[in-house]
Student: 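Here it is: the structure, laid out below.
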Protein chains: 2
Amino acid sequence: MSEKKFNSTNTLNEFYLEERCTLNKVLKINGKRWVSEVLILIKQDVSRFSNLNECLNGISDNVLSSILNELVKSKLIEKEIFHQVPLRVEYHITPGGLALTKVMHELCDWGKEYIDYEMRMKPTFTRQDPNY
Amino acid sequence: MSEKKFNSTNTLNEFYLEERCTLNKVLKINGKRWVSEVLILIKQDVSRFSNLNECLNGISDNVLSSILNELVKSKLIEKEIFHQVPLRVEYHITPGGLALTKVMHELCDWGKEYIDYEMRMKPTFTRQDPNY
DNA sequence: TGAGTTACTAATAAAAAAAGGAGTATGAGT
DNA sequence: ACTCATACTCCTTTTTTTATTAGTAACTCA
């Protein structure tokens with residue numbers, strides 16, 4: 001959480017790319033680790049902080065927290081606070097978020113066809129196999 | 001280009017996510033800066049290192065080089081070497097790469113509809129506007 | 001011999017992302 | 001007064017990503 005330097009080439013390149021094509025803005029949001037998993041879980045009605053935390057083995061509180069904030073800011077999810085005791089907060093997907101999960105699903109299908117392809121075609125290793 | 005630590009939580013989480021869903025493998029490839037731009041340019045027949053470099057204002061040689069290597073490794077593009085003088089190398093998109101650009105295009109359309117929405121709805125600033 | 005071209009790689013530095021661990025607010029129950 | 005639970009935030013360290021600079025190989029032409 002250190003300061004962002006606005007004059008670094010890094011930041012200038014980021015601006016340049018966001019200007020160049022909307023796609024880079026999209027990837028800026030959902031290209032980061034955990035983000036798409038969180039979004040998909042929320043779509044599947046895993047709506048509370050603690051539940052999301054349980055589902056995502058290894059995510060740390062602060063990372064989950066900042067991702068949720070980002071998703072709210074980008075209007076992919078909505079935050080609803082219930083002033084009960086103990087406090088209860090729910091996150092729900094917006095139409096925009098839902099539309100995004102559909103494209104993500106296609107991206108996933110692409111991966112299944114083209115990335116996992118090699119693996120599907122490779123014969124299973126045997127002990128005789130020098131690659132075993 | 002420092003050593004990758006295989007036992008760090010960082011790396012373990014990366015493995016966990018790639019195991020969990022193919023989508024994370026996909027985003028690992030094309031979620032990084034410049035990658036989709038390079039792929040799209042190659043699809044548009046900008047096929048040489050120097051031309052790509054010209055088109056992408058601000059990218060540095062080694063970054064372009066490593067992205068090209070990654071794309072070849074992932075079989076999204078193919079490298080063809082012409083042993084001429086001066087040396088000539090061409091990159092061309094594969095069917096897999098082409099299929100990916102189509103999904104990227106949809107992702108971009110999503111962005112145009114949902115990210116740029118606010119901006120489209122906002123009235124243009126005038127000098128009278130306190131926000132100007 | 002030496003300059004010029006293309007297509008790179010290597011080493012290092014700067015910046016950002018991700019993780020670890022402690023701390024906070026609220027209000028209820030004991 | 002103290003503990004518990006949820007849902008966080010804050011600060012620091014670790015790891016990765018991105019950028020900078022310099023250098024290389026191969027072969028031609030003057």
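Just so we're clear, the structure is a prediction, and the values are computed from it rather than from any experiment. Sequence lines set the chain letters: A, B, ... in the order given, protein chains first and strands last, and positions in each chain run from 1.
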Student: Give a yes or no on whether a donor-acceptor pair under 3.5 Å exists between the nucleobase atoms of dT20(D), that is its base, and the side chain of Asn62(B).
Tutor: yes
Student: In whole angstrom, give the distance that lies between atom CZ of Phe49(B) and atom C1' of dT9(C).
Tutor: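 In whole Å, dT9(C) C1' and Phe49(B) CZ are 10 Å from each other.
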Student: What nucleotide, of dA16(C), dA7(C), dA7(D), holds the atom closest to the side chain of Ser8(A)?
Tutor: dA16(C)
Student: Check whether any side-chain nitrogen or oxygen of Lys79(A) sits under 4.0 Å from OP1 or OP2 of dC8(D), and answer yes or no.
Tutor: yes
Student: Got Leu17(B) and Glu37(A) here, is their nearest side-chain heavy-atom distance under 4.5 Å?
Tutor: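 A side-chain contact exists here, since the closest heavy-atom pair is under 4.5 Å.
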Student: With respect to the side chain of Ser65(A), which nucleotide from dA19(C), dC8(D), dT6(C) is positioned closest?
Tutor: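 Looking only at heavy atoms from C-beta outward on Ser65(A), the closest nucleotide is dC8(D).
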Student: I need the NZ-C1' distance between Lys28(B) and dT16(D), as an integer number of Å.
Tutor: 9 Å
Student: Please examine the side chains of Leu52(A) and Leu68(A), heavy atoms only from C-beta on, and report whether any two atoms are closer than 4.5 Å.
Tutor: yes
Student: Mapping Val63(A) and Thr11(A) onto DNA chain C by nearest heavy atom, which one lands closer to the 5' end?
Tutor: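 First, find each residue's nearest nucleotide; the 5'-ward one identifies Thr11(A).
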Student: Check this one for me: any side-chain N or O of Arg33(B) less than 4.0 Å away from OP1 or OP2 of dA19(D)?
Tutor: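 It does, given that an N or O in the side chain of Arg33(B) lies less than 4.0 Å from OP1 or OP2 of dA19(D).
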Student: Do you know which of Ile77(B), Thr94(B), Leu76(B), Asn51(B) makes side chain to side chain contact (heavy atoms under 4.5 Å, CB included) with Ile42(B)?
Tutor: Ile77(B)
Student: Under 6.0 Å from the CD atom of Glu19(A), do we count more than 12 heavy atoms belonging to anything else shown?
Tutor: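 No - once you tally the heavy atoms of other residues, nucleotides and ligands closer than 6.0 Å, there are 12 at most.
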Student: Leu87(B) has a side chain; which of dC8(D), dT6(D), dA7(C) sits nearest to it?
Tutor: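 When the side chain of Leu87(B) is considered, dA7(C) is the closest of dC8(D), dT6(D), dA7(C).
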Student: Out of dC8(D), dT6(D), dA7(C), which nucleotide sits closest to the side chain of Asp61(A)?
Tutor: dC8(D)
Student: Tell me the interatomic distance from Leu12(A), atom CG, to dA16(C), atom P, rounded to whole angstroms.
Tutor: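 Rounded to the whole Å, the gap is 10 Å.
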Student: Tell me the interatomic distance from Leu17(B), atom CG, to dA17(C), atom P, rounded to whole angstroms.
Tutor: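 Atom CG in Leu17(B) sits about 17 Å away from atom P in dA17(C).
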Student: Could you tell me which non-hydrogen atom of Val72(B) sits nearest to which non-hydrogen atom of Lys79(B), and how far apart they are?
Tutor: CG2-CB, 4.2 Å
Student: Roughly how many Å is it from NZ in Lys32(B) to C1' in dA16(C), rounded to a whole number?
Tutor: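 Spelled out: NZ on Lys32(B) to C1' on dA16(C) is 14 Å.
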Student: Under 4.0 Å between any heavy atoms, over every strand shown, what does Asn69(B) touch: base, sugar-phosphate, or nothing? Just pick one.
Tutor: sugar-phosphate
Student: Looking at Ser60(A), I'd like to know whether one of its side-chain N or O atoms comes within less than 4.0 Å of OP1 or OP2 on dG20(C).
Tutor: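 For dG20(C), OP1/OP2 do not have a side-chain N/O of Ser60(A) under 4.0 Å.
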Student: Quick one: do Asn30(A) and Leu39(A) satisfy side chain to side chain contact (heavy atoms under 4.5 Å, CB included)? Show the steps, please.
Tutor: CA-CA 9 Å; Asn30(A) 77 351; Leu39(A) 190 64; over 6 Å; no
Student: How many angstroms lie between CH2 in Trp34(B) and OG in Ser60(B), if you round to the nearest 0.5 Å?
Tutor: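 The CH2 atom of Trp34(B) sits 8.0 Å away from the OG atom of Ser60(B).
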Student: Is any side-chain nitrogen or oxygen of Ser50(B) closer than 4.0 Å to OP1 or OP2 of dC8(C)?
Tutor: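 No, outside the criterion.
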Student: Does Arg88(B) put a side-chain nitrogen or oxygen below 4.0 Å from OP1 or OP2 of dA7(C)?
Tutor: no
Student: With nearest nucleotides of DNA chain C determined for Val89(B) and Asn13(B) from heavy-atom distances, which residue corresponds to the more 5′ nucleotide?
Tutor: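 Closest to the 5' end, via its nearest nucleotide, is Val89(B).
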Student: With a 4.0 Å cut-off on heavy atoms, is Asn10(B) in touch with a base, just the backbone sugar-phosphate, or nothing at all?
Tutor: sugar-phosphate
Student: Between dG20(C) and Thr9(B), is there an OP1 or OP2 to side-chain N/O distance shorter than 4.0 Å?
Tutor: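 Answer is yes, contact under 4.0 Å.
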Student: May I ask you to evaluate whether Trp34(B) reaches the phosphate of dA19(D), defined as a side-chain N or O under 4.0 Å from OP1 or OP2?
Tutor: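 Affirmative; the distance criterion is met.
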Student: Output yes when at least one side-chain N/O atom of Ser66(A) is less than 4.0 Å from OP1 or OP2 of dC10(D), else no.
Tutor: no
Student: Whole-Å distance between dC8(C) P and Asn51(B) CG?
Tutor: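 Taking CG of Asn51(B) and P of dC8(C), I get 12 Å after rounding.
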Student: Would you classify Tyr91(B) as touching base, sugar-phosphate or nothing, given that sugar-phosphate means primed atoms plus P, OP1 and OP2, and contacts are heavy atoms under 4.0 Å?
Tutor: sugar-phosphate
Student: Send over the distance from Phe15(B) CZ to dT16(D) P, rounded to a whole Å.
Tutor: 10 Å
Student: Output the rounded distance in Å from CD (Glu54(B)) to P (dT6(C)).
Tutor: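 Checked: the CD to P distance equals 9 Å.
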Student: Name the nucleic acid region contacted by Asn53(A), choosing base, sugar-phosphate or nothing; use a 4.0 angstrom heavy-atom cut-off, strictly under.
Tutor: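 Nothing: the residue Asn53(A), judged by heavy atoms under 4.0 Å, touches no strand.
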